[in-house]
Amino acid sequence: MDANEFGFSKFSKNDFYGAINERLIDMADLGSNQKIIELACATGGVTKLIVDRLKGAKDSVVIAIDHSASALKQAMKEINGHSDSIVEFVQSQVEQIPETIKGSAADVVIFCNAIHYISDKNILASDIFNALKPGGKFVFNTSFYDGGQPEDSLLFYRKWMFKSLRALRRDYQLRPDSSQKVESRKQLTPTEYVEILESNGFKVLKQIEDRVQVPIAGWLDISEFEDFIQGTMPGVDLQAASDSLKKGVHAAFEEMKVSTIPRNWMRVVAVKV
């Protein structure tokens with residue numbers, strides 16, 4: 001595994017993850033004659049779900065945005081020949097929506113599993129509000145919120161991290177460098193998300209929390225994702241940290257004698273009023 005492989009693509013191919021995003025896209029109620037903006041499209045997994053829902057729909061346009069040129073290149077390959085709609089890929093930061101989106105306002109803005117990366121969610125909500133038509137929808141989901149870790153999963157996290165750090169010391173004689181630890185992003189409660197949306201002119205139509213059983217493959221795959229690795233083991237070589245995290249997953253699952261660990265996902269639909 002080289003540095004280019006420490007991306008999110010492998011995790012995103014898990015069946016449970018696809019099902020989570022399908023539920024969100026279904027809530028968006030996509031159809032004909034719509035302008036749809038997808039934020040942080042990455043390698044196009046959710047983009048493909050969107051265009052699949054638009055099959056048979058007429059005159060719809062999808063604008064898929066991501067900061068990574070390599071991810072967009074892969075997304076273009078994923079979508080090529082699979083869409084009846086017009087799909088435009090744009091390289092830009094989510095925080096640059098006002099500069100990126102030009103022309104007519106959008107009917108739907110979709111933001112899958114990445115809103116937790118945005119530090120100022122008030123500005124984000126305001127920018128998305130301004131990008132939408134009256135009656136337009138903002139739909140998003142995340143598992144990184146205050147409530148994403150069920151109480152009955154906390155023992156697993158403690159065992160996983162303890163066993164991973166022990167493997168890192170034993171096999172690589174390494175320890176995380178606390179001086180390089182990125183300041184933790186504040187995880188909002190579901191109520192705080194509603195307050196932000198409502199203070200920026202939205203009405204929340206639906207807010208649903210799903211309890212998802214994540215199999216060992218999901219935890220192993222997230223252990224190969226650079227952002228997660230750097231958050232849990234700052235300053236450690238990616239390969240050594242990933243290997244240690246995966247050893248910790250196996251050890252925790254074996255000791256607890258479980259086949260899945262629960263995780264909560266929140267999905268939200270808000271309308272511009």
Side-chain angles (χ1 to χ4, degrees), residues 1-28 30 36-54 61-83 85-97 100-101 106 108-119 121 124 127-128 131 138-145 148 182 185 212 214 217-232 238 242 263 265-268:
M1 186 187 302
D2 61 41
N4 293 327
E5 295 180 72
F6 290 100
F8 193 67
S9 180
K10 188 174 182 181
F11 179 85
S12 71
K13 289 180 170 58
N14 279 272
D15 289 342
F16 75 87
Y17 185 74
I20 288 164
N21 291 328
E22 284 182 11
R23 293 173 200 157
L24 184 72
I25 300 308
D26 287 342
M27 288 171 71
L30 304 179
I36 300 156
I37 298 171
E38 182 195 357
L39 303 176
C41 69
T43 55
V46 174
T47 316
K48 191 171 186 303
L49 291 177
I50 293 169
V51 299
D52 284 346
R53 294 302 188 277
L54 290 172
V61 176
V62 180
I63 301 174
I65 299 170
D66 199 87
H67 72 280
S68 169
S70 59
L72 289 173
K73 184 177 180 180
Q74 181 61 38
M76 291 176 194
K77 292 180 181 178
E78 291 284 337
I79 301 305
N80 186 32
H82 295 282
S83 176
S85 305
I86 297 172
V87 182
E88 179 184 353
F89 291 97
V90 178
Q91 185 178 1
S92 180
Q93 299 286 345
V94 169
E95 294 88 345
Q96 296 172 335
I97 295 172
T100 304
I101 306 303
V108 184
V109 174
I110 297 171
F111 199 6
C112 276
N113 294 291
I115 195 169
H116 47 272
Y117 285 116
I118 305 301
S119 56
K121 296 176 182 61
L124 174 73
D127 287 344
I128 291 173
F138 174 35
V139 302
F140 68 90
N141 62 359
T142 180
S143 67
F144 290 90
Y145 67 99
V182 177
R185 298 179 181 90
V212 179
V214 181
W219 302 105
L220 292 172
D221 290 345
I222 202 67
S223 298
E224 296 183 9
F225 178 40
E226 183 173 358
D227 283 6
F228 180 80
I229 296 169
Q230 291 179 335
T232 54
L238 288 176
S242 177
R263 181 84 184 189
W265 253 267
M266 178 179 64
R267 47 192 167 115
V268 177

Indicate yes or no: at least one non-hydrogen side-chain atom of [X] is less than 4.5 angstrom from one of [Y].
{"X": "Leu124", "Y": "Glu95", "value": "no"}
{"X": "Glu78", "Y": "Thr47", "value": "no"}
{"X": "Ile128", "Y": "Leu39", "value": "yes"}

Distance check, rounded to the nearest 0.5 Å: [X] atom [atom1] versus [Y] atom [atom2]?
{"X": "Met266", "Y": "Ile115", "atom1": "CE", "atom2": "CD1", "value": "7.5 Å"}
{"X": "Ile110", "Y": "Ile25", "atom1": "CD1", "atom2": "CD1", "value": "4.0 Å"}
{"X": "Ile63", "Y": "Ser92", "atom1": "CD1", "atom2": "OG", "value": "11.5 Å"}
{"X": "Asn141", "Y": "Asn21", "atom1": "CG", "atom2": "CG", "value": "5.5 Å"}
{"X": "Asp52", "Y": "Leu30", "atom1": "CG", "atom2": "CG", "value": "11.0 Å"}

With sequence neighbours excluded, residues passing side chain to side chain donor-acceptor pair (under 3.5 Å) with [X]:
{"X": "Ser143", "answer": "none"}
{"X": "Ser70", "answer": "Ser68"}
{"X": "Glu22", "answer": "none"}
{"X": "Thr43", "answer": "none"}

If the condition is side chain to side chain contact (heavy atoms under 4.5 Å, CB included), which residues does Ser12 pass it with, not counting sequence neighbours?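 Once residues adjacent in sequence are excluded, the partners of Ser12 under the side chain to side chain contact (heavy atoms under 4.5 Å, CB included) criterion are Phe8, Ser9, Tyr17.
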
Residues in side chain to side chain contact (heavy atoms under 4.5 Å, CB included) contact with Asp26, at least two apart in sequence or another chain: Arg53

Evaluate side chain to side chain contact (heavy atoms under 4.5 Å, CB included) for Ile65 paired with Val94, printing each intermediate quantity in order. CA-CA 7 Å; Ile65 299 170; Val94 169; 5.6 Å; no

Minimum heavy-atom separation for [X] to [Y], with atom names?
{"X": "Trp265", "Y": "Asn113", "answer": "NE1-OD1, 2.7 Å"}
{"X": "Leu49", "Y": "Gly18", "answer": "CD1-O, 4.3 Å"}
{"X": "Phe228", "Y": "Ile222", "answer": "CD2-O, 3.4 Å"}
{"X": "Phe111", "Y": "Ala40", "answer": "CE1-CB, 3.7 Å"}
{"X": "Gln91", "Y": "His67", "answer": "NE2-O, 3.2 Å"}
{"X": "Asp227", "Y": "Tyr117", "answer": "OD2-OH, 3.1 Å"}

Find out whether the Lys NZ or Arg CZ of Arg23 is both under 6.0 angstrom from the six-membered ring centre of Phe16 and within 45° of the ring's axis. no

Chi angles and distances behind the side chain to side chain contact (heavy atoms under 4.5 Å, CB included) call for Ile79, Phe89: CA-CA 10 Å; Ile79 301 305; Phe89 291 97; 3.7 Å; yes

By the definition ring-ring contact (aromatic ring centres under 6.0 Å, His included), identify the one residue from Tyr145, Phe140, Phe144 that meets it with His116. Phe144

Side chain to side chain contact (heavy atoms under 4.5 Å, CB included), that's the test. Do Leu54 and Ile36 meet it? Break it down for me. CA-CA 11 Å; Leu54 290 172; Ile36 300 156; 3.7 Å; yes

Do any N or O atoms from the side chain of Ser223 and from the backbone of Ser242 form a donor-acceptor pair under 3.5 angstrom? no

Test salt bridge (charged side-chain N to carboxylate O under 4.0 Å, His left out) applied to Lys10 and Glu224, step by step: CA-CA 8 Å; Lys10 188 174 182 181; Glu224 296 183 9; 3.4 Å; yes

Checking Ile101 against Val90 for the side chain to side chain contact (heavy atoms under 4.5 Å, CB included) test, could you report, in this order, the C-alpha distance in whole Å, the side-chain angles of both residues, the deciding distance, and whether it holds? CA-CA 9 Å; Ile101 306 303; Val90 178; over 6 Å; no

